[in-house]
Amino acid sequence: MSSESVPIQVEGVSKSFPVYERPADRLRQFVMPRLQGMLNLQRGRYYDEYWALRNVSFEVRKGEQLGIVGRNGAGKSTLLQIICGTLEPTLGDVRISGRVAALLELGAGFNPELTGTENVFLNGSVLGLSRADIEARFDRIVGFADIPGFLDQPVKNYSSGMFMRLAFAVAVHVEPDILVVDEALSVGDEAYQRKCHARIRKLRDDGATILFVSHSAGHVTEVCDRALLLDGGEMLCFGQAKTVVSQYQKLLYASAEKRDEVRRDIAGLGVELGLDQAAAVTLDAPRRRAAQDKAYWDDGLVPDSTVVYPLQGCRISDPHIETLDGERVNVLRAGDTYRYCYEAEFTEPAVAVRFGMMIRNVTGVEIGGSASHPEADPVAFVASGSRASVAFQFTNLLAPGTYFLNAGIVGLEGEEEKYLSRWIDVATFRVMSDPDRLATGFVDLCVVPRISLT
């Protein structure tokens with residue numbers, strides 16, 4: 001595949017950093033190898049190696065948005081710095097095609113002593129624009145940053161939000177082929193964040209490739225095509241964003257004693273996880289008439305993206321949707337009322353227990369859900385050996401399409417709420433098409449339109 005269609009190619013990249021036990025060892029490492037070389041002595045080493053990345057390989061296609069997820073210290077920022085060229089890999093190769101604009105940290109590439117205007121020209125030139133190009137874009141950059149009255153002030157006097165606004169405005173207006181964003185958009189108010197993400201979407205629609213690091217799992221599934229999970233410097237899995245994020249959440253919520261086991265399970269799944277789930281269930285499902293008199297059961301609607309969290313004293317079983325008459329169904333009519341049910345068995349005592357459910361679309365966006373009890377008033381105590389029948393009644397106001405169900409039970413451990421049991425994509429259902437539907441979007445808000453013509 002050509003470099004134009006694959007602007008980012010990472011092959012076998014590893015990165016190690018020296019770790020010195022004492023400050024004096026750093027000096028010894030600087031001086032002694034040179035002295036030993038002059039005297040033809042065997043060279044010693046006065047540091048340990050810390051491998052931030054180990055054998056990471058993947059490709060990103062043109063116009064694709066790739067999410068990179070992982071716990072703190074997983075190697076995400078190191079990987080981005082290598083892709084941007086600010087770090088050299090110890091092993092492996094990175095091939096980049098096109099202009100790269102990066103927001104790796106607050107104010108990177110800015111001189112704090114210069115004014116905002118001066119930094120626009122400085123940063124623009126660093127990103128490959130001529131002075132004439134920057135002058136042509138200057139008004140758009142300033143308008144997007146929206147920091148009137150501060151452009152002639154040194155940026156060292158800026159707030160973190162103002163700093164980020166100006167940096168982002170420059171980065172997106174150089175019209176990069178590749179945009180790299182490392183948690184930078186967590187700075188600023190919600191309105192500005194929406195503005196930034198709208199601009200990122202436009203860049204992607206125009207053919208730019210986006211690398212996006214975020215700790216917000218829902219955001220990654222919403223805006224990214226594929227995702228990559230790093231942990232301990234290793235790439236555990238790579239594939240469809242929703243599937244990879246589910247594995248990341250499973251690892252994130254695993255207890256310390258089970259984390260290694262969960263990590264091995266995820267690594268065993270390999271890369272390129274998760275075909276388009278909507279396509280999969282559609283191909284497997286028998287053809288039915290679009291319009292039905294009532295909901296029914298379709299044997300072909302079986303998810304293959306189910307993720308089960310490690311059990312913490314509780315086991316969920318038999319998740320399903322049923323009508324109010326108790327009939328199991330997974331093809332639903334819009335506007336009807338159903339129950340989402342599951343059973344729970346407690347193998348250990350639990351305190352402050354709450355039961356929950358969530359509905360997600362095929363890309364993993366959380367459409368809606370519910371908890372059984374408010375956080376301030378949970379089930380105080382559940383004895384070991386207890387069983388619970390859980391039911392959430394809901395009215396189906398969803399748009400026609402395929403959806404996935406989660407089930408989860410939380411309890412209190414010390415002062416922290418943790419999952420006792422959790423299933424991601426434990427069941428799937430489809431909402432029938434409705435040729436008379438007026439509502440748009442995921443959810444029917446029961447809008448009553450009134451039009452008056454004169």
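You'll find the side chain of Met162 stays beyond 4.5 Å of the side chain of Asp146, heavy atoms only. Counting heavy atoms from C-beta on, the side chains of Thr363 and Lys242 never come closer than 4.5 Å. At a threshold of 4.5 Å between non-hydrogen side-chain atoms, the residues Asp231 and Arg71 count as touching. Residues Val410 and Val353 are not in side-chain contact: their nearest non-hydrogen atoms beyond the backbone lie 4.5 Å or more apart. The side-chain heavy atoms of Val379 and His373, taken from C-beta on, include a pair separated by under 4.5 Å. When side chains are defined from C-beta on, Met357 counts as touching Ile359, because their heavy atoms get closer than 4.5 Å. Residues Ile68 and Leu79 meet the side-chain proximity criterion, which asks for heavy atoms closer than 4.5 Å. Put simply, the side chain of Ile266 reaches to within 4.5 Å of the side chain of Leu251, judged on heavy atoms.
Considering Leu229, Leu230, Leu66 as possible partners of Phe238, the one that fulfils the side-chain contact (heavy atoms from CB on, under 4.5 Å) test is Leu66.
In this pair, Phe392 and Tyr342 present their aromatic rings tilted. The plane angle is within the 30 to 60° band.
Under the 4.0 Å criterion applied to side-chain N and carboxylate O atoms, Lys15 and Glu88 are not assigned as salt-bridge partners. Salt bridge status for Arg54 with Glu234: absent, with no side-chain N to carboxylate O gap under 4.0 Å. A salt bridge does not link Asp206 with Arg204: none of the charged nitrogens is closer than 4.0 Å to a carboxylate oxygen. A salt bridge links Arg137 with Glu175; the closest basic N to acidic carboxylate O contact falls under 4.0 Å.
Arg199 and Val172 make their closest contact through NH2-O, 3.2 Å (heavy atoms, listed as atom of the first residue, atom of the second, distance). Here the closest non-hydrogen pair linking Ala399 and Val431 is O-CB, 3.6 Å. Across all non-hydrogen atoms, the minimal contact from Gly364 to Thr221 is O-OG1, 3.5 Å. When every heavy atom of Pro449 is checked against every heavy atom of Val447, the shortest pair comes out as CD-O, 3.4 Å. Taking both residues in full, the closest heavy atoms of Pro176 and Ala171 are given as CD-O, 3.6 Å, listed atom of the first, atom of the second, then distance. Of all non-hydrogen atoms in Val69 and Ser214, the two that sit nearest each other are CG1-O, 4.0 Å.
From Thr115, atom OG1 reaches atom CG of Asn111 across 10.0 Å, with rounding to the nearest 0.5 Å. Here the CZ atom belonging to Phe121 is positioned 10.5 Å from the OG atom belonging to Ser130, to the nearest 0.5 angstrom. Once rounded to the nearest 0.5 Å, the distance linking CZ of Phe212 with SG of Cys224 reads 6.0 Å. Between the CD atom in Gln249 and the CD1 atom in Ile424 there is a gap of 5.5 Å [rounded to 0.5 Å]. Atom CZ of residue Phe394 and atom CG of residue Leu332 lie 5.5 Å apart, to the nearest 0.5 angstrom. Put simply, CD on Glu366 and CG on Asn361 are 10.0 Å apart, with the number rounded to the nearest 0.5 Å.
Of the possible donor and acceptor atoms, one in the side chain of Thr90 sits under 3.5 Å from a partner among the backbone N and O of Ser16. Checking side-chain atoms of Arg430 against main-chain N and O of Thr402 turns up no donor-acceptor pair under 3.5 Å. Side chain of Ser372 to main chain of Phe355: a donor-acceptor pair is present (N/O by atom type, distance under 3.5 Å, no hydrogens or angles). Using a distance-only test at 3.5 Å, with no hydrogens or angles considered, a donor-acceptor pair links the side chain of Asn406 to the main chain of Asp425. Here the side chain of Arg99 pairs no donor or acceptor atom with the backbone of Leu129 at under 3.5 angstrom. Side-chain atoms of Asp225 come within 3.5 Å of backbone N or O of Gln65 as a donor-acceptor pair. With Lys62 contributing its side chain and Ala208 its backbone, the two residues share no donor-acceptor pair below 3.5 Å. Counting only distance, with no hydrogens or angles, the side chain of Lys250 and the backbone of Val308 share a donor-acceptor pair below 3.5 Å. Although no hydrogens or angles enter the test, the distance criterion places no donor-acceptor pair under 3.5 Å between the side chain of Tyr340 and the main chain of Met358. Using modelled atom types, one side-chain atom of Ser14 and one backbone atom of Asn55 make a donor-acceptor pair closer than 3.5 Å.
Counted within 6.0 Å of CZ on Phe150, heavy atoms from surrounding residues, nucleotides or ligands total 12 or fewer; the atom is thus considered open. Surrounding CD of Glu375 are at most 12 heavy atoms belonging to other residues, nucleotides or ligands under 6.0 Å away. Other residues, nucleotides and ligands place no more than 12 heavy atoms under 6.0 Å from the NZ atom of Lys202. Crowding of Glu64 atom CD: a count of heavy atoms from other residues, nucleotides or ligands under 6.0 Å exceeding 12.
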* How far apart are the C-alpha atoms of Cys314 and Ile409, what are their side-chain angles, what is the distance that settles it, and do they pass the side chain to side chain contact (heavy atoms under 4.5 Å, CB included) test? -> CA-CA 8 Å; Cys314 182; Ile409 302 171; 3.5 Å; yes

* **Criterion side chain to side chain contact (heavy atoms under 4.5 Å, CB included) on Arg61 and Thr209, from CA distance to verdict** => CA-CA 7 Å; Arg61 298 184 286 262; Thr209 299; over 6 Å; no

* Using the side chain to side chain contact (heavy atoms under 4.5 Å, CB included) rule, take Tyr50 and Asp48 through it: C-alpha gap first, then chi angles, then the decisive distance, then the call. => CA-CA 7 Å; Tyr50 168 69; Asp48 294 324; over 6 Å; no

* Go through Phe17 and Leu87 one step at a time and tell me if the side chain to side chain contact (heavy atoms under 4.5 Å, CB included) criterion holds. => CA-CA 11 Å; Phe17 294 96; Leu87 278 180; 4.0 Å; yes

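A side-chain donor from one of Asp182 and Ser77 sits under 3.5 Å from a side-chain acceptor of the other. A donor-acceptor contact closer than 3.5 angstrom links the side chains of Arg360 and Ser246. Counted by atom type alone, Thr78 and Gln81 present zero donor-acceptor pairs between their side chains at under 3.5 Å.
Both tests do not hold together for Lys156 against Tyr158: distance to the six-membered ring centre under 6.0 Å, angle to the ring axis within 45°.
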